[in-house]
Amino acid sequence: MSVRLRNSNRNDYKLLRLRDAHSCINQRVNIIAIVLEFGLPKTTRGTGNFHFMSFTGNDDKKGRSYGCRFYFNDQCCTLRLIDETHHQIGMAVNIFTENAESLPHVAAAGDIIQLCNVTLRTHIKEVNAVFYKNSSSFALYRGNGDDDDDFVPYQVYSKVFLRDEDKMRINMLRKWLVNFQIPAESSDFPMLREIKEGHFNLAGKILHCWEALKDNWFVYVWDGTDTPPNAITSMLEDEINHPLPLQLESLPLPRDVLCTLPTVGSILRIAFELPIEKNHLNVLKSGKWAQFINIRLKVYAGLWYGVFTSHSKLRHTPNEDRLIAERQRLYDDRISLKSRNMPIGSMPQSIDSLPESLCITKVNHDHVRHLTLMDVLTHSEVTAKFKCVVRVVAAVPYQGEKFCTPAGKYMMRLTLEDPTARIHAFVVDEDGETLFDGYPGTANVKRKLNRLLGVTECDDSIVVNDRPRNPAWVSVCIKSYYVSKSDVWGSRNFRIFDTKIVDGP
DNA sequence: TTGGGG
(Lines give C-alpha, C1' and ligand atoms only; values in the text may rest on other atoms or scores of the structure.)
Protein backbone atom coordinates (compact mmCIF):
# COMPACT_ATOMS: atom_id res chain seq x y z
CA MET A 1 0.00 0.00 0.00
CA SER A 2 1.33 3.41 -0.82
CA VAL A 3 1.05 6.23 1.64
CA ARG A 4 -0.76 9.20 0.14
CA LEU A 5 -2.42 12.36 1.28
CA ARG A 6 -5.94 11.62 2.39
CA ASN A 7 -8.57 12.13 -0.33
CA SER A 8 -5.92 12.47 -2.94
CA ASN A 9 -4.98 10.50 -5.95
CA ARG A 10 -1.53 9.69 -7.21
CA ASN A 11 -1.25 12.97 -9.12
CA ASP A 12 -1.84 15.04 -6.00
CA TYR A 13 1.26 13.69 -4.29
CA LYS A 14 3.39 16.59 -3.23
CA LEU A 15 6.83 16.57 -1.75
CA LEU A 16 7.43 19.63 0.38
CA ARG A 17 10.67 21.64 0.37
CA LEU A 18 11.40 22.90 3.89
CA ARG A 19 11.45 26.49 2.60
CA ASP A 20 7.73 26.21 1.82
CA ALA A 21 6.69 24.74 5.18
CA HIS A 22 5.37 28.05 6.53
CA SER A 23 2.69 28.14 3.82
CA CYS A 24 1.27 24.72 4.79
CA ILE A 25 0.51 25.18 8.48
CA ASN A 26 -1.96 22.60 9.83
CA GLN A 27 -1.70 20.59 6.62
CA ARG A 28 -0.51 17.05 6.16
CA VAL A 29 2.60 16.91 4.02
CA ASN A 30 5.34 14.62 2.74
CA ILE A 31 8.99 15.54 3.29
CA ILE A 32 12.31 14.04 2.26
CA ALA A 33 15.19 15.76 4.03
CA ILE A 34 18.54 15.28 5.75
CA VAL A 35 18.72 14.55 9.48
CA LEU A 36 21.05 17.27 10.79
CA GLU A 37 20.57 16.56 14.50
CA PHE A 38 18.66 14.11 16.60
CA GLY A 39 17.89 13.50 20.24
CA LEU A 40 17.45 10.19 22.05
CA PRO A 41 14.03 8.68 22.89
CA LYS A 42 12.15 9.92 25.90
CA THR A 43 8.87 8.87 27.45
CA THR A 44 6.07 11.37 26.95
CA ARG A 45 3.68 12.47 29.64
CA GLY A 46 0.94 10.67 27.71
CA THR A 47 -1.81 11.85 25.45
CA GLY A 48 -4.23 12.49 28.26
CA ASN A 49 -6.79 10.16 26.63
CA PHE A 50 -8.03 7.14 28.51
CA HIS A 51 -7.95 3.84 26.70
CA PHE A 52 -9.88 0.78 27.72
CA MET A 53 -8.06 -2.52 27.72
CA SER A 54 -9.76 -5.83 28.44
CA PHE A 55 -8.08 -8.85 29.92
CA THR A 56 -8.75 -12.03 27.97
CA GLY A 57 -10.65 -14.62 29.98
CA ASN A 58 -12.24 -11.97 32.15
CA ASP A 59 -15.50 -11.83 30.18
CA ASP A 60 -18.58 -12.54 32.27
CA LYS A 61 -21.65 -14.49 31.12
CA LYS A 62 -23.12 -11.48 29.32
CA GLY A 63 -19.93 -10.97 27.35
CA ARG A 64 -18.89 -7.87 29.27
CA SER A 65 -15.20 -7.64 29.86
CA TYR A 66 -13.40 -6.20 32.80
CA GLY A 67 -10.19 -4.37 32.36
CA CYS A 68 -8.33 -1.25 33.32
CA ARG A 69 -7.91 2.23 31.98
CA PHE A 70 -4.47 3.55 31.25
CA TYR A 71 -2.64 6.32 29.48
CA PHE A 72 -0.56 5.86 26.35
CA ASN A 73 2.84 6.97 27.48
CA ASP A 74 4.37 7.12 24.05
CA GLN A 75 8.00 7.54 23.19
CA CYS A 76 9.13 10.69 21.47
CA CYS A 77 12.24 11.92 19.78
CA THR A 78 13.04 15.15 18.04
CA LEU A 79 14.99 15.40 14.82
CA ARG A 80 16.16 18.56 13.11
CA LEU A 81 15.98 18.44 9.34
CA ILE A 82 17.68 20.45 6.62
CA ASP A 83 17.49 20.51 2.85
CA GLU A 84 18.98 22.71 0.14
CA THR A 85 16.24 25.30 0.64
CA HIS A 86 16.49 25.59 4.41
CA HIS A 87 19.78 24.87 6.14
CA GLN A 88 20.43 27.71 8.56
CA ILE A 89 18.56 26.29 11.53
CA GLY A 90 16.50 23.60 9.83
CA MET A 91 13.10 22.39 10.94
CA ALA A 92 12.26 20.27 13.98
CA VAL A 93 10.11 17.19 13.67
CA ASN A 94 8.67 15.46 16.74
CA ILE A 95 8.07 11.79 16.27
CA PHE A 96 5.69 9.90 18.53
CA THR A 97 5.45 6.11 18.54
CA GLU A 98 4.33 3.53 21.07
CA ASN A 99 7.81 2.27 21.90
CA ALA A 100 11.41 3.34 21.59
CA GLU A 101 12.14 0.49 19.21
CA SER A 102 9.85 2.04 16.58
CA LEU A 103 11.44 5.49 16.75
CA PRO A 104 14.04 6.31 14.10
CA HIS A 105 17.42 4.75 14.89
CA VAL A 106 19.46 7.17 12.85
CA ALA A 107 22.61 5.27 11.90
CA ALA A 108 24.54 8.42 11.11
CA ALA A 109 23.57 12.05 11.34
CA GLY A 110 23.39 13.17 7.72
CA ASP A 111 21.19 10.25 6.74
CA ILE A 112 17.99 10.92 4.82
CA ILE A 113 14.48 10.56 6.20
CA GLN A 114 11.29 10.25 4.19
CA LEU A 115 8.28 11.43 6.19
CA CYS A 116 4.75 10.76 4.94
CA ASN A 117 1.61 12.37 6.24
CA VAL A 118 3.17 14.54 8.90
CA THR A 119 1.34 17.61 10.16
CA LEU A 120 2.91 21.05 10.18
CA ARG A 121 2.41 23.18 13.28
CA THR A 122 3.75 26.47 14.55
CA HIS A 123 5.37 26.90 17.92
CA ILE A 124 6.73 30.28 19.03
CA LYS A 125 6.84 31.47 15.41
CA GLU A 126 8.82 28.42 14.32
CA VAL A 127 7.31 25.81 12.02
CA ASN A 128 7.73 22.18 13.02
CA ALA A 129 6.34 18.86 11.87
CA VAL A 130 4.52 16.31 14.01
CA PHE A 131 4.60 12.61 13.27
CA TYR A 132 1.53 10.75 14.61
CA LYS A 133 1.94 7.04 15.21
CA ASN A 134 -1.42 6.13 13.65
CA SER A 135 -1.36 8.16 10.46
CA SER A 136 2.26 9.03 9.62
CA SER A 137 5.05 6.84 8.31
CA PHE A 138 8.78 7.18 7.79
CA ALA A 139 11.72 5.49 6.10
CA LEU A 140 15.44 6.06 6.72
CA TYR A 141 18.07 5.92 3.96
CA ARG A 142 21.84 6.23 4.03
CA GLY A 143 22.97 9.80 3.40
CA ASN A 144 26.29 8.92 1.85
CA GLY A 145 25.17 6.13 -0.46
CA ASP A 146 28.01 5.53 -2.90
CA ASP A 147 25.54 3.83 -5.11
CA ASP A 148 23.07 6.08 -6.92
CA ASP A 149 20.55 3.28 -6.98
CA ASP A 150 20.59 2.52 -3.27
CA PHE A 151 17.00 3.20 -2.30
CA VAL A 152 16.65 0.41 0.23
CA PRO A 153 15.63 1.95 3.55
CA TYR A 154 17.37 0.62 6.65
CA GLN A 155 14.35 1.32 8.83
CA VAL A 156 10.67 1.76 8.00
CA TYR A 157 7.70 2.69 10.17
CA SER A 158 4.35 1.67 8.73
CA LYS A 159 4.35 1.42 4.94
CA VAL A 160 6.13 3.81 2.67
CA PHE A 161 5.93 3.95 -1.11
CA LEU A 162 8.91 5.34 -2.95
CA ARG A 163 8.01 7.13 -6.20
CA ASP A 164 10.45 8.08 -8.94
CA GLU A 165 10.13 11.65 -7.75
CA ASP A 166 11.24 10.56 -4.28
CA LYS A 167 14.24 8.70 -5.65
CA MET A 168 15.33 11.79 -7.57
CA ARG A 169 14.96 13.82 -4.39
CA ILE A 170 17.11 11.37 -2.39
CA ASN A 171 19.81 11.48 -5.06
CA MET A 172 19.67 15.25 -5.16
CA LEU A 173 20.08 15.52 -1.36
CA ARG A 174 22.96 13.06 -1.35
CA LYS A 175 24.82 15.10 -3.95
CA TRP A 176 24.06 18.35 -2.18
CA LEU A 177 25.26 17.07 1.22
CA VAL A 178 28.70 16.10 -0.12
CA ASN A 179 29.69 19.74 -0.52
CA PHE A 180 27.64 21.20 2.29
CA GLN A 181 29.35 22.42 5.46
CA ILE A 182 27.15 23.14 8.42
CA PRO A 183 28.17 26.61 9.49
CA ALA A 184 29.60 25.75 12.93
CA GLU A 185 31.36 28.61 14.67
CA SER A 186 34.39 27.58 16.69
CA SER A 187 33.13 29.78 19.49
CA ASP A 188 29.91 27.75 19.72
CA PHE A 189 31.97 24.64 20.43
CA PRO A 190 34.32 25.23 23.35
CA MET A 191 37.30 22.90 23.51
CA LEU A 192 37.75 20.73 26.59
CA ARG A 193 40.42 23.17 27.83
CA GLU A 194 37.78 25.91 27.93
CA ILE A 195 34.86 24.14 29.56
CA LYS A 196 32.86 25.42 32.51
CA GLU A 197 29.89 23.98 34.38
CA GLY A 198 26.67 24.57 32.45
CA HIS A 199 25.22 23.67 29.06
CA PHE A 200 27.51 23.69 26.03
CA ASN A 201 28.08 22.23 22.61
CA LEU A 202 31.12 19.99 22.22
CA ALA A 203 32.97 18.69 19.19
CA GLY A 204 35.05 15.64 19.93
CA LYS A 205 36.29 12.31 18.75
CA ILE A 206 34.33 9.30 20.01
CA LEU A 207 36.89 6.95 21.57
CA HIS A 208 34.66 4.32 23.08
CA CYS A 209 31.17 3.51 24.41
CA TRP A 210 31.01 1.40 27.52
CA GLU A 211 28.31 -0.06 29.74
CA ALA A 212 29.98 0.28 33.14
CA LEU A 213 26.88 -1.13 34.85
CA LYS A 214 23.64 -2.48 33.40
CA ASP A 215 21.97 0.36 31.45
CA ASN A 216 24.66 2.73 32.67
CA TRP A 217 26.47 3.80 29.51
CA PHE A 218 29.43 6.10 29.14
CA VAL A 219 30.75 7.68 25.97
CA TYR A 220 34.44 8.61 25.99
CA VAL A 221 35.10 11.83 24.09
CA TRP A 222 38.42 13.55 23.37
CA ASP A 223 39.54 16.66 21.51
CA GLY A 224 43.29 16.67 22.19
CA THR A 225 43.18 19.39 24.87
CA ASP A 226 43.15 19.17 28.68
CA THR A 227 40.12 19.90 30.86
CA PRO A 228 40.88 22.59 33.48
CA PRO A 229 41.80 21.34 36.96
CA ASN A 230 39.08 21.64 39.60
CA ALA A 231 39.13 22.66 43.22
CA ILE A 232 38.92 19.63 45.50
CA THR A 233 36.29 19.69 48.22
CA SER A 234 36.68 16.23 49.73
CA MET A 235 37.50 16.03 53.43
CA LEU A 236 41.15 15.07 53.90
CA GLU A 237 40.41 13.68 57.38
CA ASP A 238 37.83 11.37 55.81
CA GLU A 239 39.95 10.12 52.90
CA ILE A 240 40.40 6.74 54.62
CA ASN A 241 36.63 6.13 54.82
CA HIS A 242 35.50 8.02 51.71
CA PRO A 243 38.44 8.07 49.30
CA LEU A 244 38.38 10.42 46.35
CA PRO A 245 37.41 8.21 43.36
CA LEU A 246 40.00 7.43 40.72
CA GLN A 247 37.43 7.56 37.93
CA LEU A 248 33.83 8.51 37.39
CA GLU A 249 32.67 5.06 36.35
CA SER A 250 31.90 2.52 39.04
CA LEU A 251 34.31 0.16 37.28
CA PRO A 252 37.49 1.21 35.50
CA LEU A 253 37.76 0.44 31.79
CA PRO A 254 39.26 -2.97 31.00
CA ARG A 255 42.98 -2.72 30.34
CA ASP A 256 42.73 -3.83 26.69
CA VAL A 257 40.38 -0.90 25.98
CA LEU A 258 42.37 1.56 28.09
CA CYS A 259 45.47 0.78 26.07
CA THR A 260 43.76 1.89 22.83
CA LEU A 261 43.04 5.39 24.17
CA PRO A 262 45.24 8.44 23.54
CA THR A 263 47.66 9.24 26.37
CA VAL A 264 47.72 13.00 25.74
CA GLY A 265 44.60 15.11 26.25
CA SER A 266 41.67 14.62 28.62
CA ILE A 267 38.98 12.05 27.96
CA LEU A 268 35.56 13.35 28.92
CA ARG A 269 33.03 10.79 30.12
CA ILE A 270 29.51 11.52 28.91
CA ALA A 271 26.70 9.79 30.82
CA PHE A 272 23.01 9.65 29.88
CA GLU A 273 20.26 11.25 31.89
CA LEU A 274 17.63 8.81 30.59
CA PRO A 275 17.87 5.03 30.30
CA ILE A 276 19.43 4.11 27.00
CA GLU A 277 19.44 0.99 24.88
CA LYS A 278 22.59 -0.14 23.15
CA ASN A 279 21.15 0.18 19.66
CA HIS A 280 20.57 3.88 20.15
CA LEU A 281 24.33 4.25 20.53
CA ASN A 282 25.07 2.60 17.17
CA VAL A 283 25.53 6.05 15.78
CA LEU A 284 28.51 6.72 18.06
CA LYS A 285 31.27 5.00 16.18
CA SER A 286 34.73 4.88 17.74
CA GLY A 287 37.21 6.99 15.83
CA LYS A 288 34.52 9.29 14.37
CA TRP A 289 34.14 12.91 15.38
CA ALA A 290 30.73 14.04 16.56
CA GLN A 291 29.14 17.29 17.61
CA PHE A 292 27.16 17.13 20.83
CA ILE A 293 24.58 19.87 21.12
CA ASN A 294 23.52 21.22 24.50
CA ILE A 295 25.44 18.85 26.77
CA ARG A 296 25.36 19.53 30.49
CA LEU A 297 28.87 19.75 31.95
CA LYS A 298 29.38 19.01 35.62
CA VAL A 299 32.10 18.21 38.15
CA TYR A 300 31.97 15.27 40.56
CA ALA A 301 34.73 14.81 43.12
CA GLY A 302 36.92 17.10 41.02
CA LEU A 303 36.31 15.06 37.84
CA TRP A 304 34.65 16.60 34.77
CA TYR A 305 31.81 14.76 33.11
CA GLY A 306 29.07 15.47 30.60
CA VAL A 307 25.40 14.53 30.70
CA PHE A 308 23.44 13.82 27.55
CA THR A 309 20.07 15.16 28.70
CA SER A 310 16.62 14.94 27.14
CA HIS A 311 17.45 18.27 25.48
CA SER A 312 20.84 17.19 24.07
CA LYS A 313 21.32 16.26 20.44
CA LEU A 314 23.88 14.67 18.17
CA ARG A 315 24.83 16.54 15.03
CA HIS A 316 26.06 15.33 11.69
CA THR A 317 29.83 15.87 11.54
CA PRO A 318 31.87 14.59 8.60
CA ASN A 319 35.51 13.93 9.49
CA GLU A 320 36.54 16.52 6.89
CA ASP A 321 34.49 19.20 8.68
CA ARG A 322 36.36 22.51 8.98
CA LEU A 323 35.96 22.66 12.77
CA ILE A 324 37.22 19.09 13.15
CA ALA A 325 40.19 19.69 10.85
CA GLU A 326 41.10 22.73 12.95
CA ARG A 327 41.02 20.71 16.18
CA GLN A 328 43.00 17.86 14.70
CA ARG A 329 45.63 20.39 13.56
CA LEU A 330 45.83 21.94 17.05
CA TYR A 331 46.48 18.49 18.48
CA ASP A 332 49.12 17.72 15.86
CA ASP A 333 50.82 21.01 16.82
CA ARG A 334 50.68 20.03 20.49
CA ILE A 335 52.23 16.61 20.15
CA SER A 336 55.07 18.03 18.07
CA LEU A 337 56.11 20.12 21.09
CA LYS A 338 58.65 19.09 23.72
CA SER A 339 55.98 19.91 26.32
CA ARG A 340 53.37 17.66 24.72
CA ASN A 341 52.83 15.64 27.90
CA MET A 342 52.67 18.61 30.23
CA PRO A 343 49.18 19.61 31.42
CA ILE A 344 48.11 22.67 29.44
CA GLY A 345 47.21 24.38 32.73
CA SER A 346 50.71 23.88 34.16
CA MET A 347 52.32 26.00 31.46
CA PRO A 348 50.89 29.48 31.76
CA GLN A 349 53.99 31.34 30.65
CA SER A 350 56.59 30.03 28.28
CA ILE A 351 57.13 26.46 27.29
CA ASP A 352 60.87 26.77 27.87
CA SER A 353 60.85 27.89 31.50
CA LEU A 354 59.15 25.87 34.18
CA PRO A 355 56.34 27.77 35.86
CA GLU A 356 56.99 28.68 39.47
CA SER A 357 54.48 26.20 40.90
CA LEU A 358 56.52 23.33 39.50
CA CYS A 359 59.31 24.36 41.86
CA ILE A 360 57.51 22.91 44.90
CA THR A 361 59.30 19.63 44.29
CA LYS A 362 62.69 18.68 42.99
CA VAL A 363 63.19 15.44 41.12
CA ASN A 364 66.50 13.74 40.52
CA HIS A 365 65.96 13.04 36.84
CA ASP A 366 66.12 16.39 35.05
CA HIS A 367 66.75 15.01 31.62
CA VAL A 368 63.96 12.45 31.55
CA ARG A 369 60.93 13.49 29.52
CA HIS A 370 57.65 14.03 31.38
CA LEU A 371 54.90 11.51 30.65
CA THR A 372 51.20 11.55 31.42
CA LEU A 373 49.40 9.33 33.94
CA MET A 374 47.73 7.62 30.98
CA ASP A 375 51.24 6.74 29.76
CA VAL A 376 51.84 5.26 33.21
CA LEU A 377 48.57 3.29 33.24
CA THR A 378 48.93 1.95 29.71
CA HIS A 379 52.66 1.14 29.83
CA SER A 380 53.37 -2.30 28.42
CA GLU A 381 55.33 -3.56 31.43
CA VAL A 382 54.52 -3.67 35.12
CA THR A 383 57.99 -2.69 36.29
CA ALA A 384 58.88 0.78 35.06
CA LYS A 385 59.82 4.31 36.11
CA PHE A 386 58.22 7.58 35.01
CA LYS A 387 58.35 11.33 35.59
CA CYS A 388 55.02 13.15 35.56
CA VAL A 389 53.51 16.54 36.27
CA VAL A 390 50.59 15.94 38.63
CA ARG A 391 48.43 17.45 41.35
CA VAL A 392 48.29 15.70 44.73
CA VAL A 393 44.54 15.73 45.35
CA ALA A 394 44.32 13.54 48.47
CA ALA A 395 46.52 11.84 51.06
CA VAL A 396 45.97 9.14 53.64
CA PRO A 397 46.73 9.22 56.49
CA TYR A 398 46.35 12.95 56.99
CA GLN A 399 46.57 12.84 60.79
CA GLY A 400 50.12 13.94 61.55
CA GLU A 401 50.94 11.33 64.19
CA LYS A 402 50.14 8.48 61.79
CA PHE A 403 52.48 9.38 58.94
CA CYS A 404 54.82 6.59 60.02
CA THR A 405 54.38 2.94 60.86
CA PRO A 406 54.98 1.83 64.48
CA ALA A 407 58.49 0.97 63.37
CA GLY A 408 58.96 4.65 62.52
CA LYS A 409 58.97 4.30 58.73
CA TYR A 410 56.94 6.40 56.32
CA MET A 411 53.80 4.79 54.94
CA MET A 412 51.18 6.88 53.13
CA ARG A 413 49.08 6.86 50.03
CA LEU A 414 48.74 9.89 47.79
CA THR A 415 46.11 10.37 45.09
CA LEU A 416 47.69 11.91 42.01
CA GLU A 417 45.88 13.41 39.04
CA ASP A 418 46.77 14.97 35.74
CA PRO A 419 44.43 15.86 32.86
CA THR A 420 44.46 12.24 31.65
CA ALA A 421 43.92 10.09 34.77
CA ARG A 422 44.11 9.61 38.52
CA ILE A 423 46.20 7.01 40.35
CA HIS A 424 47.13 6.07 43.90
CA ALA A 425 50.84 6.27 44.66
CA PHE A 426 52.45 5.15 47.92
CA VAL A 427 55.20 6.91 49.82
CA VAL A 428 57.16 4.24 51.65
CA ASP A 429 60.32 4.07 53.81
CA GLU A 430 63.31 5.71 52.18
CA ASP A 431 61.19 7.33 49.46
CA GLY A 432 59.42 9.18 52.28
CA GLU A 433 62.76 10.19 53.74
CA THR A 434 63.68 11.67 50.36
CA LEU A 435 60.29 13.37 49.93
CA PHE A 436 60.20 14.96 53.41
CA ASP A 437 63.97 15.34 53.84
CA GLY A 438 64.42 12.76 56.59
CA TYR A 439 62.21 12.92 59.68
CA PRO A 440 61.82 16.63 60.34
CA GLY A 441 59.02 16.15 62.89
CA THR A 442 55.25 15.74 62.55
CA ALA A 443 54.49 19.44 62.21
CA ASN A 444 57.03 19.90 59.43
CA VAL A 445 55.90 16.78 57.58
CA LYS A 446 52.35 18.07 57.70
CA ARG A 447 53.44 21.52 56.50
CA LYS A 448 55.25 19.95 53.54
CA LEU A 449 52.31 17.69 52.77
CA ASN A 450 49.97 20.70 52.89
CA ARG A 451 52.13 22.43 50.27
CA LEU A 452 51.56 19.44 47.96
CA LEU A 453 47.84 19.33 48.71
CA GLY A 454 47.28 23.05 48.23
CA VAL A 455 46.11 23.47 51.83
CA THR A 456 47.15 26.84 53.21
CA GLU A 457 48.29 27.01 56.82
CA CYS A 458 45.32 29.19 57.63
CA ASP A 459 42.94 26.51 56.27
CA ASP A 460 44.72 23.88 58.30
CA SER A 461 44.00 25.64 61.54
CA ILE A 462 40.28 25.12 60.99
CA VAL A 463 39.28 21.99 62.86
CA VAL A 464 36.78 20.80 60.29
CA ASN A 465 38.70 21.25 57.09
CA ASP A 466 36.02 21.61 54.41
CA ARG A 467 37.50 24.49 52.45
CA PRO A 468 38.10 23.67 48.76
CA ARG A 469 41.80 23.21 48.05
CA ASN A 470 43.59 23.81 44.82
CA PRO A 471 46.78 21.74 44.58
CA ALA A 472 49.56 23.12 42.41
CA TRP A 473 51.15 21.18 39.56
CA VAL A 474 54.24 19.35 40.82
CA SER A 475 56.81 17.17 39.16
CA VAL A 476 57.15 13.67 40.63
CA CYS A 477 58.96 10.42 39.85
CA ILE A 478 56.70 7.37 39.88
CA LYS A 479 57.79 3.76 40.08
CA SER A 480 55.48 0.98 38.88
CA TYR A 481 55.97 -2.45 40.52
CA TYR A 482 54.15 -5.62 41.51
CA VAL A 483 53.44 -7.06 44.93
CA SER A 484 52.68 -10.65 43.94
CA LYS A 485 54.82 -12.53 41.47
CA SER A 486 51.92 -14.83 40.62
CA ASP A 487 49.71 -11.91 39.55
CA VAL A 488 51.96 -9.11 38.36
CA TRP A 489 49.23 -7.04 36.61
CA GLY A 490 46.61 -7.61 39.29
CA SER A 491 49.00 -6.58 42.06
CA ARG A 492 50.50 -3.57 40.25
CA ASN A 493 51.16 -0.61 42.54
CA PHE A 494 52.78 2.79 42.15
CA ARG A 495 55.28 4.53 44.42
CA ILE A 496 56.74 8.01 44.53
CA PHE A 497 60.56 8.01 44.48
CA ASP A 498 63.51 10.37 43.97
CA THR A 499 61.25 13.33 44.66
CA LYS A 500 61.83 15.99 47.32
CA ILE A 501 59.57 18.75 48.58
CA VAL A 502 61.64 21.92 48.39
CA ASP A 503 61.50 24.20 51.44
CA GLY A 504 58.86 26.83 50.93
CA PRO A 505 59.01 30.56 51.45
C1' DT B 1 -2.62 14.22 20.39
C1' DT B 2 2.44 13.66 24.24
C1' DG B 3 6.81 18.10 22.69
C1' DG B 4 9.44 21.92 20.53
C1' DG B 5 13.31 26.07 22.79
C1' DG B 6 17.04 27.82 26.15
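What you see is a predicted model; the values in this text were computed from it and never measured. When reading the values below, keep in mind they use all heavy atoms of this one structure, side chains included, and skip hydrogens, waters and symmetry mates.
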Problem - A/Thr263 versus A/Asp375, side-chain donor and acceptor atoms under 3.5 Å - result: yes
Problem - Side-chain-base donor-acceptor pair under 3.5 Å for A/His311 and B/dG6 - result: yes
Practice task
Could you check A/Ile124 against A/Asn134 and say which one's nearest nucleotide on DNA chain B is further toward the 5' end?
Solution key: A/Asn134
Practice task
Report yes if a side-chain nitrogen or oxygen of A/Lys313 is closer than 4.0 Å to either non-bridging phosphate oxygen (OP1 or OP2) of B/dG4; otherwise report no.
Solution key: no
Practice task
Return the value, rounded to whole Å, for the distance between atom CG of A/Asn128 and atom P of B/dT1.
Solution key: 15 Å
Practice task
Indicate whether the side chain of A/Asn26 and that of A/Arg121 have a donor and an acceptor atom separated by less than 3.5 Å.
Solution key: yes
Practice task
Any ring pair (Phe, Tyr, Trp, His ring centres under 6.0 Å) involving residues 17-47 of chain A? Give me the pairs, sequence neighbours left out, ordered by first then second residue.
Solution key: none
Handout entry: Between P of B/dT1 and CG of A/Asn73, the distance in whole Å
Key = 16 Å
Problem - Rounded interatomic separation in angstrom, taking CD from A/Glu126 and P from B/dG4 - result: 12 Å
Practice task
Looking at every strand, decide which applies to A/Lys42 at a 4.0 Å heavy-atom threshold: base, sugar-phosphate, or nothing.
Solution key: sugar-phosphate
Exercise for the section: Please determine, for the side chain of A/Arg80, which listed nucleotide (B/dG3, B/dG5, B/dT2) has the closest atom? Expected result: B/dG5
Completion exercise
Ranking B/dG4, B/dG6, B/dT2 by distance to the side chain of A/Asn294, first place goes to B/dG6
Problem - Interatomic distance, A/His123 NE2 vs B/dT1 C1' [rounded to whole Å] - result: 15 Å
Practice task
Respond yes when some side-chain nitrogen or oxygen of A/Arg121 is under 4.0 Å from OP1 or OP2 of B/dG4, and no when none is.
Solution key: no
Exercise for the section: In whole angstrom, give the distance that lies between atom NE2 of A/His199 and atom P of B/dG6. Expected result: 11 Å
Practice task
Please work out which of the three classes, parallel, tilted or perpendicular, describes the rings of A/Phe272 and A/Phe308, given edges at 30° and 60°.
Solution key: tilted
Problem - From B/dG4, B/dT2, B/dG5, nucleotide with atom closest to A/Arg45 side chain - result: B/dT2
Handout entry: Is_stacked (A/Phe96, B/dT1) at 5.5 Å, 30 deg
Key = no
Handout entry: Whole angstrom value for the distance that separates C1' of B/dG5 from CD1 of A/Ile89
Key = 11 Å
Exercise for the section: Tell me what A/Val130 touches on the nucleic acid: a base, only sugar-phosphate, or nothing, going by heavy atoms under 4.0 Å. Expected result: base
Handout entry: Rounded interatomic separation in angstrom, taking CZ from A/Phe200 and C1' from B/dG6
Key = 13 Å
Handout entry: Parallel, tilted or perpendicular: rings of A/Phe218 and A/Tyr220 (30°, 60°)
Key = tilted
